[in-house]
Amino acid sequence: MSWILAGLLIWAAGWALNIWLARQGRGGLLIPVTFGLTLLALWECAVRGFDISPVLLPAPSDIAARFAASTGLLWEDFVQTAIKGALTGYVLGGLAAFAVALAADRFDFLRRGLLPVGNFVAALPIIGLAPIMVMWFGFDWQSKAAIVVVMVFFPILVNTVEGLQAASAMQRDLMRTYAASYWTTLLKLRLPAAMPFIFNGLKIATTLALIGAIVAEFFGSPIRGMGFRISTSVGQLALDLVWAEIVVAAIAGSAFYGGVALLEKAVTFWHPSQRGRG
Amino acid sequence: MAINVIYAKSLDLTFETNDGPVHALRDVNLEVGKGDFVSFIGPSGCGKTTFLRVMADLEQPTAGTVTVNGVSPEEARRARAYGYVFQAAGLYPWRTIGGNIRLPLEIMGYSKADQDTRVKRVLDLVELSGFEKKFPWQLSGGMQQRASIARALAFDADILLMDEPFGALDEIVRDHLNEQLLALWRRTEKTICFVTHSIPEAVYLSTRIVVMSPRPGRITDVIESPLPRERPLDIRDTPEFLEVAHRVREGLRAGHAYEE
Amino acid sequence: MAINVIYAKSLDLTFETNDGPVHALRDVNLEVGKGDFVSFIGPSGCGKTTFLRVMADLEQPTAGTVTVNGVSPEEARRARAYGYVFQAAGLYPWRTIGGNIRLPLEIMGYSKADQDTRVKRVLDLVELSGFEKKFPWQLSGGMQQRASIARALAFDADILLMDEPFGALDEIVRDHLNEQLLALWRRTEKTICFVTHSIPEAVYLSTRIVVMSPRPGRITDVIESPLPRERPLDIRDTPEFLEVAHRVREGLRAGHAYEE
Amino acid sequence: MRQSLIPVLTIVAAIFAIWYAAAIWLNAPWARDVAARGDQELSVTELVAATWSQEKPKLPAPHQVAVELYDTVIDKKVTSKRSLVYHSWITLSATLLGFALGTALGFALAIGIVYNRVMDKSVMPWVIASQTVPILAIAPMIIVVLNAMGLSGLLPKAMISMYLSFFPVVVGMVKGLRSPDAMQLDQMRTWNAGAAQEFLKLRLPSSMPYLFTSMKIAMAASLVGAIVGELPTGAVAGLGARLLAGSYYGQTIQIWSALIMAAVLAAVMVGTIGAVQRLVLKRMGMA
Amino acid sequence: ADDLTLQLKWVTQAQFAGYYVAADKGFYEEEDLNVTIKPGGPDIAPVQVLLGGGADVMVDWLPSALAAREKGAPIVNIAQPFASSGLMLTCLKEHGIESPEDFPGHTLGTWFFGNEIPLFSWMGKLGIPTDGSEGGVTIQKINFNVDPLLQKQVECATTMTYNEYWQVIDAGLTPEDLVVFKYEDEGISTLEDGLYTTEENLADPEMVDKLVRFVRASMKGWKYAEENPDEAAEIVLENDSTGAQTEKHQKRMMGEIAKLTAGSDGTLDEAAFQRSAEITMEGGMITEMPEGAYTHEITDQALN
Ligand SMILES: Nc1ncnc2c1ncn2[C@@H]1O[C@H](COP(=O)(O)OP(=O)(O)OP(=O)(O)O)[C@@H](O)[C@H]1O
Ligand SMILES: Nc1ncnc2c1ncn2[C@@H]1O[C@H](COP(=O)(O)OP(=O)(O)OP(=O)(O)O)[C@@H](O)[C@H]1O
Ligand SMILES: Cc1ncc(C[n+]2csc(CCO)c2C)c(N)n1
Ligand SMILES: [Mg+2]
Ligand SMILES: [Mg+2]
C-alpha cells in the first residue's frame, strides 16, 4: 500500500518538475529523463506494491542488476543484432529504396509498374518472410539484414517518392528556364526539397530496422543475438535478462533515431518545422 | 531584315479549371527585334505573366505559333537563351542568397572563380553585398526580390524576361535599378521583355510598350517610343515622355470598365 | 487630449542570425492618433515590415514600449483590433479565393449569411467577383494580392495595418483602390498604417508620412500632410501635393548612399 | 489507371519469370536427392517439372500457390476454418481496429506534442524508445496480461497493431502540423484565432500530405501487428496462425498463400488510403 | 458447473488428445466441470499465463517447470499423464552418423527454451565439447520444424516420435535414410507433458476439489484416447481452429502418443522425477534439487 502511495507521489512530483522545467525553457535532455525516471519509479512501486511475480514482470532494480552483471553478453548480442543485422540491413534497404524511388521517378513506365507492385511486395508481413529468409540466407546475420532490407524499404520508398514531388511549380519552372538536365534538377532542387520527407521515412525506418532484426532472430539464429536471447530467456523465464535486452534495444534504437534526427536538423534546417517551434 | 528575336502569331491560351475554361490569351501577335526593350503593361490578370511564360516554354499555347531566336521556345530554352525573373522571388530556402545566385552558374558550368566574381558583381549591382551568407527567410520582401533579379543577371543570356522585377522596391532603388538595367541593356544589346505596372517605368525603359487588356488577354496597343536610347533620369520631365505616358494611360484605362 | 491609437517609444529590435545580429529597428518613436492615415516609406530592408509586425504583436521588440489602443499589442491582438495585409499574398492553397476571404470571418464567428454578404462585398470592391471559386494558384499575382486585401477588409477592425498592399497592381487599379481605401477610411474613421514604396501613393493617401532609413532602421522624418481629407485624384497635380512629394523624395534619398 | 496496366503487367510478368527460375534453383538440390535415393537420373525437363511440383518446396512455384489459394479462397465456404477468407477476415478486423486506434492515438499524441511544450520535450523520446522494444518479445506478455484482465479475441491483437501503427502517424503528423510557414501562422495570430481554430483551419489542412503518407505506412505496420498478435494467442485463427501452423508443419505452400493473402490485404488497404488521398487533395485544390 | 481453464504447451494436436476427448465425450461435464482449453504457441510461456491468472492448470515439461520454479514461480506438478519421453535426435544417414561416437565435427540442431538441456547433458556424458572447439559438435538453435534438417542446414535435429519424425518421413525420406537416437534409450530422458498448478491453488480446498475432478476426467479421456486413437484424432481435428492439421498426420500422432501415455494412471513416478531433475541440474538450468515441486495429493484423491 505504501509503495503504491509512494508511486503516486513520485508521479505527481515528476510531472510538476517537468512542467517547471519546460516553463524555464531549459532542460534539453533533462525533461525526457525526468519523465523516464518517473515512469521507472512508478513501475518499481507497482511491482513491489502489487507483489507482481518476477516471472511476469521484474522490477527495474532487478533488471538493472542483471544488466550490470551481464554487460559482456549484452554487448555480444548487440554487435550481432544491431550492428551486423540491423545496421547493414538499414543501409542496404535505404539505398535500395532510394534507388528504386529514383528509377521510378526517372522512368514513368517503372513508376506505374513498380510502385503498385513494390507496395504489394513490401507489404508482405515480415513474420512470414522471416522463416523464408532464414531458409534462403542461413541462420547468421545475413538473413536478418535481408529482412531489415524488406522492412525499411517501404517507408523510405513511399516517402522518397512523395518527397520528389514536393518542389513547388515555380521552383521547377526556374530550373526549366536554366534548361537544367534531369540530374541537375534532381540534385539541386528536387532532392533538397524532398529531404524533409526522406528523413521522415529514414526516422521511421530506424526503429523498424531494430525491431526487424530482433524479431527475425526468433525464426532462426546462431546462439547469440538479442532476439535469440529474448526468445530463449522467455522460455527460461529469465525475464530480467529479457528486459535487460529490451533496455539495450531501447537505448540503441533511441540513439540511432537521435542520430538520424540530428542529421535531419542539419540537412533540413530551412524547413519551417525546423526553423521555429510553433 | 533582321530576324525577330521573338515572334508570336495568333497565340491563344486557355486554362481548363474546375469551374470552366479561363481564356488567358486570345489572338496575340507580336514581333520583337534584337536589342529591343519591350514593356508589357495591362491590368492585373490580363495575361502578361502567361505571355512571358509562353515565350519561356513554361506554358504551351492552345493555338498559334511562337518562335524565339527563330526556333521554338523549347529549343531556345535548351540553348539557355534567356534569364527569367519571376513575379515572386522564388528563392530556394536551403541555399543562402549567395548560393541562390550561384545556382544557375553552377548549372551552366561556370568556373568556380568566375562564379565568385559574378556573384559579387550582381550582389553589388542590387546592393545586397553583405547579405551573401543570409538565408532567404532572413531578408525583407524587397531584398528577396532583388536577390532574384541578381540571379537572372548573373549569367549571360541574350534575352531577359522580367516579370515585375521592381514591384516591391522603393522609388529610389527603383530609379537606380532602372538606370542600371538601361546601362546593361545598352552595353550588352540584350533583348528585354519587361512586365510592369508603372507607366513611367515602362515609358522610361522601353523602346516599345505593349498594352494589354484582360479576359481574354489581347494586345490593344503597341506604342513605339520616340525617346533616344541614351536616357538620363530627367528625360521623364520632357514633353515627349509625358506624351507617350499619356497614350499608355489611355490605352490602359480602356481595359478597365469602371474608368469609362 | 485624445488617446493615441499607436504609441511607440524608444523601440529597438535586433534579429540574431547565423552570422551576427541584424539591427532592424533602432530608437523608433511614433504616435498615431485615432483616424490617422500614416504611410511608412523607406528603402527596402529598412524595417518597415518589422515595425508593422511589432505593432501587430508578431515580433517582440528588444527594448522600448509600444501600446495599441492604450494596451499592449498582445491585448489589442486578442481584442481583434486590427486587420493585417501581408507583403506577400499568403493565401492558403487549399482554400478557394472565397474560402480564403471567409476564413477570418469563420474564425471570428460571423453568421453564415453575414459571411456571404461580406465576401461578396469585398470581392466586388477588389474586382474579383467571378473568381470566388478559383484556387489561389489559378490567379495572377496581382489578383492574389487583391484577394489578400479583400480578406483584411472583410471584417470590422478599427486599425488596418497594410504592408505594400498595392505593390503588384497596375496604376489604374491602384488609383481605383486608392480612392476606395480613402473612401472607406473617411466613412469608417479607421486608423490606417500603410507601407508603400510609391511616393505619390504615400502623399495622396496619408495624413502623415513616416520616412525611414536603413540599417539600423530609424525614423528620419515625419511629414504632416497639409492636404484636406477630401481628395479627388487630380489633387496630385496641385503644388501642395508636389511640395510634399518633393520633401518625401529628399528624405528618402538621404537614406541611399549612391544618391549623395 | 489504364496507362498503368501495361507497365504493371510487364513488371508482374518479370517477377513471375524470376520466381519460376528461383524455384528451379532453390528446389533442385532436393529433387536431385530424391532422384539419387531412387537411383534415377533426371533429364533437364524432368528436373524442372520436379522442382515445380514438390509437396514441401523451399520455394513453391507460383502456380502451386495459385492452386492453394484457389482451394482455400474460392473452393471453401467462407465460414470454414479451412477458408483463407475466414482467416483473412479475422486478421483484417484486428488490423482495421488497431489501425483506427493507432491513428487516433498517433493523432492525439502529435497534437499534444505540437501544442504542449512539456509533451514535446518529454514524450517524443519515449515514443521513439517504445518503438525500439521488440514487439514480438512483449506481445505474448501483453496478450497474457490482457487475457488475465479478461480481454481476449480481437482487442489484444488490435492493441499490438495500434502499438506499431501509432508511431508513423506521430512522426508524420508532428512534421505535418509544423509545416505551415511563418506567415500563415502570423495571419492566424492577427485574427486572434484560438488554438482549435488554428488547428482546424491551418495546421490540419497543411498536414494532409504528411498524414496520408503516414497512414499508408501505419496501415502496413498495423497488418504486421495483427499477424504478430496472432502468433502467441495460441495460433487460434487468422493469417498469422496460418503462417505459424504452416511453419510448424513445413507447409511452405500454405505459408506462401497466407503471405500473398496478407500482401493482397495490405495492398488493397494502402490503395484505398491512396484513393482517399487523391480525392481529398483534389477537393482541397492541391492535387 | 465449475469453471476451469487449461493452458496447453503447444498448438492443438493429438499430443493433447486426452483433454479434448474428455471435453468432447462429456467426461468433464460428468464431473460438473466446465473446462476451457487454451492452445499454446511458440512464444507463449504457459507459466506466465498460469501466474497471470489466465489459466488454472497447465501442461508443461518437467525441466522447464523446474526452472520456472527456481526462478520464483511457485508451480507444482499434480499429475503426470506421460510416462515416457518422445524426444529424440534424428540424423540423415548420408552425413555418416551411425552412433554417438560419430557426432564430433557435425552440426546438431535443437530447440531451445529448455529443450536443449538433455542434449547438453548428453554431450557432457559423452565428453564431446559443444563450444565449437576441435573435436566437438556445433549446436544450432532451430525452430519447431524439420526444415533445417531437410535443407541440410543441420545434420541432426531434435524431433518428437509423434510429430517431427513423421514430417521427415512425409517429406519423402524413408526410415532407412535416417538414424534416430531416442533420449529414452540413451538414459537421458526427462519427464514430458505433466499437469501443473500453483501452490496458491493447492492451498484452496475448493480448488483442490476441482483439480481432483479435473485430473480424474482427464485421465479418463487419455485412456479413452489410447483405446480409440482414430476417434480421438478426429476430435482433435474438430477442435483445431487453424484448419491447418491433416487427418493422416493426427491419426499417426495419436498412435505414437498412446505409446507414451501407456502405463501411466497419472501418478508421477518419483524415480523418473529424480532422474529428470538431475539431468536438468547437470544441464545447468537449475542449481539445486527442487523441493515440493510435485504432490501426489491430487492423483491420490482422483484415483480413489
Ligand atoms: N526573421 C529574420 N531574421 C533575420 N533578419 C531579419 C528577419 N526578418 C527581417 N530581417 C532583417 O531585418 C531588416 C528589416 O527587414 P524588414 O522586412 O522590416 O524590411 P522592410 O523595410 O519591410 O523591407 P521591404 O521594403 O524590402 O519589404 C532587414 O535587413 C532584414 O534582413
Ligand atoms: N494555372 C492556372 N490555372 C488557371 N488559370 C490561370 C492559371 N494561371 C493563370 N490563370 C489565369 O489566367 C489569367 C491571366 O493570368 P496572368 O498570371 O498571366 O496575369 P497577369 O497579367 O500576369 O496579372 P498580374 O499583373 O496580376 O500578375 C488570369 O485570369 C488567371 O486567373
Ligand atoms: C518452449 C517450448 N514450447 C513448446 C514446447 C512444446 N512441444 C512439445 S512437443 C513439441 C513438438 C511439436 O509437436 C513441442 C514444440 C516445448 N517443448 N518447448
Ligand atoms: Mg503576372
Ligand atoms: Mg517589407
Side-chain angles (χ1 to χ4, degrees), chain A residues 98 101-102 105-106 108 159-203 260-278, chain B residues 49-50 52-60 68 71-97 99-110 134-138 144 147-148 151-152 154-157 159-163:
Chain A
F98 192 69
L102 284 191
D105 182 70
R106 183 81 180 97
D108 202 45
N159 275 287
T160 308
V161 169
E162 198 83 15
L164 287 173
Q165 315 295 325
S168 74
M170 199 217 289
Q171 292 173 330
R172 282 164 204 252
D173 281 348
L174 187 68
M175 279 298 173
R176 260 178 86 86
T177 68
Y178 300 149
S181 69
Y182 170 83
W183 291 107
T184 312
T185 309
L186 189 70
L187 205 69
K188 307 247 181 213
L189 169 61
R190 299 178 60 220
L191 275 183
M195 279 304 159
F197 285 83
I198 295 180
F199 271 99
N200 216 8
L202 286 178
K203 283 199 292 190
V260 175
L262 276 184
L263 201 65
E264 172 185 37
K265 226 188 166 84
V267 173
T268 67
F269 62 93
W270 50 271
H271 192 258
S273 73
Q274 299 286 348
R275 261 192 260 151
R277 288 279 126 114
Chain B
T49 298
T50 307
L52 233 57
R53 288 174 60 83
V54 169
M55 298 179 199
D57 187 37
L58 297 175
E59 211 82 69
Q60 300 308 318
V68 175
V71 296
S72 73
E74 184 178 351
E75 283 166 273
R77 179 173 65 76
R78 292 199 184 287
R80 289 169 179 155
Y82 53 84
Y84 197 112
V85 181
F86 288 86
Q87 192 164 358
L91 302 170
Y92 290 180
W94 53 86
R95 282 182 168 247
T96 58
I97 297 306
N100 266 287
I101 295 173
R102 179 169 283 118
L103 179 64
L105 304 177
E106 287 172 8
I107 291 176
M108 298 178 187
Y110 287 78
K134 294 258 186 298
F135 285 96
W137 70 85
Q138 296 174 324
Q144 291 183 27
S148 112
R151 184 174 55 184
F155 59 97
D156 304 313
I159 309 175
L160 274 180
L161 304 176
M162 309 179 84
D163 196 353

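No hydrogens, no waters, no symmetry mates; every other heavy atom, side chains included, goes into these values. In what follows, chains carry the letters A, B, and so on, assigned in the order in which the sequence lines appear, proteins first and then strands, with residues in each chain numbered from 1.
- Residue contact with chain B, scored on non-hydrogen atoms closer than 4.5 Å, is absent for A:Ala167.
- Heavy atoms closer than 4.5 Å to chain A are found in the side chain of B:Phe135, but not in its backbone.
- When side chains are defined from C-beta on, A:Met175 counts as touching B:Leu103, because their heavy atoms get closer than 4.5 Å.
- Using modelled atom types, one side-chain atom of B:Tyr92 and one backbone atom of A:Gln171 make a donor-acceptor pair closer than 3.5 Å.
- Although no hydrogens or angles enter the test, the distance criterion places no donor-acceptor pair under 3.5 Å between the side chain of A:Arg176 and the main chain of B:Leu58.
- The two residues A:Pro192 and B:Trp94 come nearest to each other via the heavy atoms CB-CE2, 3.1 Å.
- Contacts of residues 178-186 of chain A with chain B at a heavy-atom distance below 4.5 Å involve A:Tyr178, A:Ala179, A:Ala180, A:Thr184, listed in sequence order.
- Between chain A and the residues B:Glu74, B:Arg78, B:Arg80, the most heavy-atom pairs under 4.5 angstrom are made by B:Arg80.
- Contact of A:Leu187 with chain B is not made at all, since no heavy-atom distance falls under 4.5 Å.
- Residues A:Met170 and B:Gln87 form no side-chain contact, since every pair of their non-hydrogen atoms from C-beta on lies 4.5 Å or further apart.
- To the nearest 0.5 Å, atoms CD1 (B:Ile107) and CG (A:Leu189) are separated by 9.0 Å.
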